[in-house]
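Note sheet for the following structure.
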There are 2 protein chains.
Amino acid sequence: MSEKKRSLGLPTIRRIPMYYRLLLKLYEEGHSVVSSSFLAEALGLESIVVRKDLANIGIAGKPKIGFDTRESIQTIDTLMNSRDSNEAFLIGVGRLGEALLCYKGFEQLGLHIIAGFDIDPEKIGNRIQGKEVFDVKELPRLAQRMNIQIGVLCVAEEAAQHAADILVEAGIKGIWNFTPSKLNVPSHVVVQREDLAEGLAVLTVKLNQQKQALESPSGNNQHSLI
Amino acid sequence: MSEKKRSLGLPTIRRIPMYYRLLLKLYEEGHSVVSSSFLAEALGLESIVVRKDLANIGIAGKPKIGFDTRESIQTIDTLMNSRDSNEAFLIGVGRLGEALLCYKGFEQLGLHIIAGFDIDPEKIGNRIQGKEVFDVKELPRLAQRMNIQIGVLCVAEEAAQHAADILVEAGIKGIWNFTPSKLNVPSHVVVQREDLAEGLAVLTVKLNQQKQALESPSGNNQHSLI
DNA sequence: TAGATTGTTAATCGATTAACAATC
DNA sequence: TAGATTGTTAATCGATTAACAATC
């Protein structure tokens, strides 16, 4: 009774990596405690946002003292499973796939992409920063043997659904989808779509609004561009 | 009086690329008209979301008929400036920078990354898919001469603020920031932060919730994971 | 005309912000 | 104790969803 399961909101989840990286840095620098206003200032947020987020994540502070950095890091570790480490396979070793395979930032957050898979004989057998590229045919066997839970999908758009089917068949539970395709997968599989064009759209729309605001004669209630 | 300036919400702006790509495909396939329910089905949305979004974007449909694909595409073109084409420079030609330099998906949306910049002599002078890598020292001169508005920031975290300063100094109006750093820039410069770890956090939290939901004895009101 | 589809208005939901009480 | 900081409760804001009117 009463576990209360604070269902975490999406905006809060998205801000977790920011908090995590900063907390880690502060901890390593020897700060055992930090205030919400300090975190807010460093991250460009309001302190009330930080307090609400941390509370929702399950991190409690002490009035007048602040938040224990070590404890906070551990709570996020548990939430994101980053101590156990999430192991992943990457499918589609094109330029983006290669970049993600090597990207350092994920390790810190507990995601270990341990191998790449492709159908191109030119790529199969290569090692990219110590990570081997295998034939896609090997994926199901290896995924099952190593109990891999996460697949990073970086194939061409046309191949997206097919590659997703392979991942699902191989027993993978979560797909990080870098193609713009909608994937059909069983309901027990979690799909996270990553569309770089989203950010691009935000940037260009804001730029155009900024430009129009500057061009237009002043005096109008030309209010806050988003 | 009464231009009404429907200030576009962020969630709507983020969905624009999805609509745009699908509309383009439909138009090329010869469909001159499409219903909101068709778009919704193809994109995994509700039709009411599509209608609200299109209305906010400034696309009007005809009852009983649907939305004109060509007209819709043109309206988005205007909004995102994609006919004029947004030209950009990329700074920091590491693996991610290289991947972005070559990424095809941006062209379609009107972003043309026309050159890369780096400080590494090994990289300077290289061509990556026809795009030259210049010395960062050349950036201000070239940016001003070509009237470049957008900078794609892919340097290492430690160099982020310095690179941003260079971009601002060069007269760039919008920065697409792929580093996890918070940037200090003048208020007339728009910054769009792109943090791949955000999506990773969402994926892993959802996965853990899914896992717990499956493990826990049924019967509990183990409701919708997010 | 009848039916399908858009567009509008209202209701709901969730996230952010504000005000202030609790507490080390 | 007094002051600083967290935590809670309420208010506001914006996005999504629902119901239905308008219209080709």
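Because only heavy atoms are used, hydrogens play no part in the values below, and waters and symmetry mates are left out as well, while side chains stay in. Chain A is the first sequence line, chain B the second, and so forth, proteins listed ahead of strands; every chain is numbered from 1.
- Across the interface with DNA chain C, nearest-nucleotide mapping of A:V49 and B:S37 shows B:S37 to be the residue nearer the 5′ end.
- Within a 6.0 Å sphere centred on OH of B:Y103, heavy atoms belonging to other residues, nucleotides or ligands number more than 12.
- Rounding to whole angstrom units, NZ of residue A:K62 and P of C:dC24 are separated by 9 Å.
- At a cut-off of 3.5 Å, with distance as the only test, no side-chain donor of A:H188 or B:Q210 sits close to an acceptor on the other residue.
- Base pairing of C:dG3 is made with D:dC24, judged by Watson-Crick or G-U wobble geometry with both donor-acceptor distances under 3.5 Å.
- With D:dT17, C:dT17, C:dT23 as the candidates, the nucleotide lying closest to the side chain of A:P63 is C:dT23.
- Computed from coordinates, the B:L39 CG to C:dG7 P distance equals 12 Å when rounded to whole Å.
- Closest to the A:I65 side chain, of the nucleotides D:dG7, D:dA19, C:dC24, is C:dC24.
- Atom P of nucleotide D:dG7 and atom CG of A:D53 are separated by 13 Å, given to the nearest angstrom.
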**Request:** Apply the test side chain to side chain contact (heavy atoms under 4.5 Å, CB included) to residues B:V191 and B:W176: give CA-CA distance (whole Å), side-chain angles for both, the deciding distance (0.1 Å), then the verdict.
**Result:** CA-CA 6 Å; B:V191 176; B:W176 199 4; over 6 Å; no

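- Heavy-atom neighbours of B:H162 NE2 from other residues, nucleotides or ligands within 6.0 Å: at or below the threshold of 12.
- One interatomic measurement links the two molecules: CG of A:L54 to P of C:dT16, which rounds to 13 Å at whole-angstrom precision.
- For the pair B:F38 CZ and C:dT6 C1', the computed distance is 18 Å after rounding to whole Å.
- A sub-4.0 Å separation between OP1 or OP2 of D:dT6 and a side-chain N or O of A:S36 is present.
- Taking atom CD on A:E46 and atom P on D:dT6, their separation rounds to 14 Å, with Å as the unit.
- If you take CD1 of B:I13 and P of D:dT16, they are 12 Å apart, rounded to a whole angstrom.
- A salt bridge is absent between A:R15 and B:D195; no separation between the charged side-chain nitrogens and carboxylate oxygens falls under 4.0 Å.
- One interatomic measurement links the two molecules: CD1 of B:I59 to P of C:dT5, which rounds to 18 Å at whole-angstrom precision.
- When the nucleotides D:dT5, D:dA15, C:dG7 are ranked by their closest atom to the side chain of B:P11, D:dA15 comes out on top.
- If you check distances only, the side chain of A:K52 does reach the base of D:dT9 with a donor-acceptor pair under 3.5 Å.
- Taking only side-chain nitrogens and oxygens, B:R15 comes nearer than 4.0 Å to OP1 or OP2 of D:dT16.
- With a cut-off of 3.5 Å on both Watson-Crick or G-U wobble distances, the partner of D:dT9 is given as C:dA18.
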